[in-house]
Amino acid sequence: MPTTTTYPTVVDVDPDELDRHITEMYRDVANGDVRDLHFQTGRRLAEALGYPIPLLNALPAEAVSSFAGVGHHLPLARLQPGERVLDLGSGSGMDAFAAAKQVGPTGSVTGVDITPEQLARADRLNRDRTVKFVRARIEELPFADGTFDAVISNGVVNLSAAKHVVFAEAARVLRPGGRLALADIVTERQIAEGTACQADLWAACIAGASRWDLYLDAVAAAGLELELIHSNPTYAFISERAQRASEKYGAQSVSLLALKPAYTNTTKTQEVSQ
């Protein structure tokens, strides 16, 4: 893994400090130490967000107990048997294991994360030969162009200081016609610079959240076409500090589906001229 972060940031947050807070916070999630977290975790959260109980029952219980997502985005992905799926910020693997049940034995699911404890937990719980986990940054994906049919992510893109790079990478590794389905935190009002520079609040999914229109602009700039977006009203922060910040900036959970065009304009022109 690289020792320095080279991708551009949109605010003056120290990338090394941010990485430290993110890995420490999600190490605690992996280890079950949730006493001082700003957000909910576990099965009760997954059920509240709409994950079906039979699905949760079929997944490794320890993966479900470490769940820290912000929505239930998997129905938007419309995963089919045999498809190749990439999970950005896979944590302890709950969504990756759920996706594997949808793509079946002829499909594959790859999860990427930067927290060693989360990756170790996911690897230990993995009993499916079609699932694997890789340590990598979501801004620097170690995969070839067009590798995946679908990219999924749950509450992770807001942790990046270079969201436009994340979406560009997601678009790059998607095949033409592929889908990006995610849940994330966005805001109604721009986060003040003084708040955005607080790495611990950033790691808690608050300070790094983009204003929703800027977030969608970054999706579009990557060449992805927004198909639909909806809010997840059952998601809420639990600490007083996070709740105050959430109310001040209008932070909310949303799920969206975006598509990579099946053909580029150049390809279309070539086909018409033949």
Do [X] and [Y] have side-chain heavy atoms sitting under 4.5 Å apart?
X: L76; Y: L228; result: yes
X: R135; Y: D113; result: no
X: T110; Y: D87; result: no
X: E83; Y: R179; result: yes
X: W212; Y: T187; result: no
X: V85; Y: D149; result: no
X: H73; Y: I152; result: yes
X: L119; Y: V112; result: no

Identify the heavy atoms of [X] and [Y] that sit nearest to each other, and give their distance.
X: A170; Y: L180; value: CB-CD1, 4.5 Å
X: R172; Y: A144; value: NH1-C, 3.7 Å
X: R175; Y: K260; value: O-CD, 3.5 Å
X: A100; Y: V131; value: CB-CG2, 3.5 Å
X: I185; Y: A251; value: CG2-CB, 4.2 Å
X: S160; Y: V166; value: OG-CG2, 3.5 Å

Spacing of [X] atom [atom1] and [Y] atom [atom2] [to the nearest 0.5 Å]:
X: I114; Y: I138; atom1: CD1; atom2: CD1; value: 8.5 Å
X: S90; Y: D95; atom1: OG; atom2: CG; value: 9.5 Å
X: H164; Y: S210; atom1: NE2; atom2: OG; value: 10.5 Å
X: R84; Y: T106; atom1: CZ; atom2: OG1; value: 12.0 Å

Once side chain to side chain donor-acceptor pair (under 3.5 Å) is applied, do any residues pair with [X], and if so which ones, sequence neighbours excluded?
X: R244; value: none
X: S255; value: N232
X: T147; value: none
X: S92; value: Q118

Set of ring pair (Phe, Tyr, Trp, His ring centres under 6.0 Å) partners for Y215, sequence neighbours left out: F167
Please tell me whether [X] and [Y] are part of a single hydrophobic cluster in this structure, the criterion being side-chain heavy atoms less than 4.5 Å apart.
X: L49; Y: M94; value: yes
X: L125; Y: L56; value: yes
X: L182; Y: L259; value: no
X: L257; Y: V156; value: no
X: V165; Y: L214; value: no

Using the salt bridge (Lys or Arg N to Asp or Glu O under 4.0 Å) rule, collect all pairs that involve [range], keeping only residues at least two apart or in two chains.
range: residues 96-105; answer: none
range: residues 213-232; answer: R211-D213
range: residues 42-61; answer: R43-E47
range: residues 71-81; answer: none

Tell me if a side-chain donor or acceptor on [X] pairs with a main-chain N or O of [Y] at a distance below 3.5 Å.
X: T41; Y: F67; result: no
X: Q40; Y: L45; result: no
X: R189; Y: K248; result: yes
X: S108; Y: T130; result: no
X: S65; Y: E62; result: yes

Please enumerate all residues that pass side chain to side chain contact (heavy atoms under 4.5 Å, CB included) together with [X], with sequence neighbours excluded.
X: L226; result: L216, I229, L256
X: A122; result: F133
X: S231; result: P233, Q252

Check against side chain to side chain contact (heavy atoms under 4.5 Å, CB included), L74 and Q102: CA-CA 10 Å; L74 292 179; Q102 296 183 35; 4.1 Å; yes
Aromatic plane relationship, H72 with Y51 - under 30° parallel, 30 to 60° tilted, over 60° perpendicular: tilted
Candidate pair L88 and L86, rule side chain to side chain contact (heavy atoms under 4.5 Å, CB included), full reasoning: CA-CA 6 Å; L88 302 180; L86 175 65; 3.7 Å; yes
Matching residue for K163 among V219, V157, D184 - test: side-chain contact (heavy atoms from CB on, under 4.5 Å): V157
